[in-house]
Amino acid sequence: MASKKGKKRQHSRTVELKRQLEQEKLADQKDRNKKRMDPTARVLLYGDLVFLAVTSIMDAGGVISGLASGICTIIGLVLLILALWFQFRPKDRIKGPRL
């Protein structure tokens, strides 16, 4: 009988360990999801990078004027700031009203 009790206790310990491991795994996954980059910010940054690269090549080739290049640079900075806002905006304000 003593061996049966020991087995039951061992089983409950393993169940507790499995629960703890699963909870840690869920906590790690939630933490990883918080650290992920916002998809909108990612698209804006990639688009901004391509836009600035194309305008830089066009400016170096003499296709566009200096004024147009400056305007494109300002547009690129606005896109960069917008992407940073999407990435680091306060998340709790976005939720809808609680009913």
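Heavy atoms only: backbone and side chains are in, while hydrogens, waters and symmetry mates are out.
Heavy atoms only, all atoms of each residue included: Gly76 and Leu52 are closest at CA-CD2, 4.0 Å. In terms of heavy-atom proximity, Ala41 sits nearest to Phe86 at CB-CB, 4.1 Å.
In the hydrophobic clustering of ILVMFWY residues, with side-chain heavy atoms under 4.5 Å counting as a link, Leu80 and Trp85 come out apart. Grouping the Ile, Leu, Val, Met, Phe, Trp and Tyr side chains by contacts below 4.5 angstrom, directly or via other members, places Ile74 apart from Leu82. A continuous path of hydrophobic side-chain contacts links Ile75 to Leu67 [ILVMFWY only; heavy atoms under 4.5 Å]. Under the 4.5 Å side-chain heavy-atom criterion for ILVMFWY residues, a single connected hydrophobic cluster contains both Leu45 and Leu84. By the rule that hydrophobic residues join a cluster once side-chain heavy atoms approach within less than 4.5 Å of another member, Ile71 and Val50 end up as members of separate clusters.
Using a 4.5 Å heavy-atom threshold, the side chains of Lys18 and Val15 count as separate. You'll find the side chain of Asp38 reaches within 4.5 Å of the side chain of Arg89, heavy atoms only.
Here the CD1 atom belonging to Ile81 is positioned 12.5 Å from the CG atom belonging to Leu44, to the nearest 0.5 angstrom.
The side chain to side chain donor-acceptor pair (under 3.5 Å) analysis of residues 41-60, with sequence neighbours excluded, yields the pairs Asp59-Ser69.
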